[in-house]
Amino acid sequence: MIAPRSPAAQAAVAAHYDGLDAYYRELWGEHVHHGLWSGPSDDASVEVATRGLAEYVIGLARVRPGDRVIDVGCGYGATSRLLAREHGARVTGMTLSAAQAAYARSVGGRPGDPEVLVRDWLENGLEDQEADAVVAIECLSHMPDKPRVFAEVARVLKPGARVVLTDWLACSERRGWRDRHVLEPICAEGRLPSMHTVREYGALMADAGLEVVRFEDLSRHVSRTWPIIVRRMVARAARDPEARRFLRDRLQEDRVFALTVPRIMAAYTTRAMVQGLFVARKA
Ligand SMILES: C[S@@+](CC[C@H](N)C(=O)[O-])C[C@H]1O[C@@H](n2cnc3c(N)ncnc32)[C@H](O)[C@@H]1O
């Protein structure tokens with residue numbers, strides 16, 4: 001497990017997404033996660049590729065019309081809306097960010113659209129066994145107390161139902177310099193209280209009563225996201241004096257996000273970090 005010296009509190013995670021709201025929406029769009037490309041010849045735009053990752057997760061969750069689905073860490077609710085509008089699911093999404101929830105509500109409101117709550121997953125208030133599926137795209141690593149994170153997933157799932165998650169994971173070999181200069185700063189700058197290995201996530205799920213039925217290392221299918229984001233960041237800084245002021249302002253704690261992007265690219269190139277997808281079934 002990788003843990004930065006001063007792990008992020010939940011308030012810092014909320015402040016991160018509230019503070020960077022405009023940047024995230026401009027740089028990524030409605031889906032705040034990696035894009036998924038099938039291979040080098042796939043020339044999908046980042047918008048198509050990020051939606052592609054959400055559709056891949058939804059497919060593996062085997063959602064049917066009328067299913068009750070929980071979208072943990074739902075961001076702007078884009079995956080929740082896909083689940084509701086294109087798969088007929090009854091969806092609740094949860095985010096810590098009031099800005100994300102406000103956006104999700106502003107573009108929602110159609111009959112059957114998801115309910116989007118500003119709520120901590122660790123205090124989710126859901127009933128035992130109410131969900132036919134749980135999806136969690138790139139959010140669990142933001143949460144402290146991982147045994148409880150997975151215990152909550154298992155608690156809300158019906159027996160036999162599935163969770164599909166993707167997340168930022170550390171490679172299995174620990175190397176002091178790489179952990180200190182690449183992975184720990186990525187955790188600190190990205191507001192991740194800890195980053196776990198594939199094996200550790202597997203063990204946490206098993207302890208919670210979740211049987212892992214599939215794991216995929218998506219790293220080489222998603223890492224292309226970052227050069228695209230860098231190009232967009234540079235273009236934004238070049239044309240917008242406000243963006244340049246934000247990056248220079250020492251009081252803006254979340255401007256470090258700009259620093260973390262090259263580190264993330266290095267982490268993928270050196271295989272220090274893995275973008276993992278798990279499908280697990282409640283026993
Ligand atoms: C990288 S974004 C991913 C958003 C969304 N899943 C997507 O793919 O577009 C991480 C999300 O996790 C949410 N999050 C982090 N910790 C959380 C917690 N304890 N409870 C609920 N949401 C949380 C953040 O608010 C944010 O919406």
Side-chain angles (χ1 to χ4, degrees), residues 17 20-63 65 69 71-89 91 93 95 97 99-100 103-110 112-114 116 133 135-139 141 164-169 190 214 216-239 243 257 260-262 264-265 267-269 273-279:
Y17 286 107
L20 294 176
D21 170 41
Y23 289 93
Y24 273 123
R25 271 191 288 131
E26 182 178 329
L27 296 176
W28 263 268
E30 291 191 329
H31 289 276
V32 191
H33 55 238
H34 288 82
L36 183 69
W37 286 270
S38 56
S41 60
D42 181 352
D43 59 2
S45 67
V46 84
E47 285 72 20
V48 170
T50 50
R51 181 182 160 123
L53 177 67
E55 282 169 345
Y56 191 51
V57 165
I58 291 171
L60 290 169
R62 297 186 180 161
V63 173
V69 182
D71 182 5
V72 182
C74 67
Y76 294 107
T79 302
S80 298
R81 283 189 294 283
L82 275 179
L83 278 158
R85 292 178 181 175
E86 299 194 13
H87 298 267
V91 188
T95 170
S97 162
Q100 290 182 334
Y103 175 86
R105 290 176 193 140
S106 76
V107 296
R110 294 192 203 166
D113 263 357
V116 175
V135 298
I137 302 184
E138 298 183 34
C139 61
S141 49
V164 184
L165 70 94
T166 65
D167 213 349
W168 299 43
L169 302 168
R214 180 177 180 135
E216 284 179 54
D217 178 349
L218 298 180
S219 308
R220 70 192 171 85
H221 294 287
V222 303
S223 56
R224 210 197 294 177
T225 307
W226 296 100
I228 298 173
I229 294 300
V230 168
R231 280 200 295 279
R232 290 184 177 184
M233 282 169 73
V234 170
R236 165 89 194 247
R239 71 170 185 272
F257 189 69
T260 214
V261 171
I264 293 167
M265 293 168 77
Y268 277 128
T269 307
M273 203 172 76
V274 172
Q275 186 61 215
L277 176 145
F278 287 91
V279 182

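Side-chain contact between Thr79 and His31 is present, with heavy atoms from C-beta onward closer than 4.5 Å. Between Asp21 and Tyr76, the closest side-chain pair of non-hydrogen atoms falls below 4.5 Å. Tyr56 is listed as a side-chain neighbour of Glu216, based on a closest heavy-atom distance under 4.5 Å. Inter-residue side-chain proximity for His34 and Thr166 is flagged as unmet; no heavy-atom pair is nearer than 4.5 Å. You'll find the side chain of Trp28 stays beyond 4.5 Å of the side chain of Val46, heavy atoms only. Side-chain contact check for Ser219 versus Met273: every heavy-atom pair is 4.5 Å or farther apart.
For the atom pair CD (Gln100) and CZ (Arg25), the distance works out to 9.5 Å, reported to the nearest 0.5 Å. Trp226 contributes atom CH2, which lies 9.0 Å from atom CE of Met233 (distance to the nearest 0.5 angstrom). Rounded to the nearest 0.5 angstrom, Gln275 CD and Leu169 CG are separated by 7.0 Å. The distance from atom CD of Glu55 to atom CG of Leu36, rounded to the nearest 0.5 Å, is 10.5 Å. The structure places CD1 of Ile137 at 7.0 Å from CD1 of Ile58, a figure rounded to the nearest 0.5 Å. The line from CE of Met265 to CZ of Arg224 is 12.5 Å long, rounded to the nearest 0.5 Å.
Heavy atoms only, all atoms of each residue included: Asp71 and Ser80 are closest at OD2-OG, 2.7 Å. When all heavy atoms of Cys139 and Val72 are compared, the closest pair comes out as SG-O, 3.2 Å. Nearest heavy atom pair, residue Ala89 against residue Val69, reads CB-CG2, 3.7 Å. Taking every heavy atom of both residues into account, Ile229 and Leu27 meet most closely at CD1-O, 3.5 Å. Taking each heavy atom of His221 and Gly39 in turn, the nearest pair found is ND1-N, 4.5 Å.
Within a 6.0 Å radius of CZ in Arg220, no more than 12 heavy atoms belonging to other residues, nucleotides or ligands are found.
A salt bridge is defined here as a Lys NZ or Arg NE, NH1 or NH2 lying under 4.0 Å from an Asp or Glu carboxylate O, and Arg81 with Asp113 fails to meet this definition.
Judged by distance alone, with hydrogens and angles left aside, the side-chain atoms of Arg214 form no donor-acceptor pair with the main-chain N or O of Val279 at under 3.5 Å. Not one N or O on the side chain of Asp42 forms a donor-acceptor pair closer than 3.5 Å with the backbone of Trp37.
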Original post:
Going through the distances and angles, do Val135 and Val63 end up as a side chain to side chain contact (heavy atoms under 4.5 Å, CB included)?
Top reply: CA-CA 10 Å; Val135 298; Val63 173; 5.7 Å; no

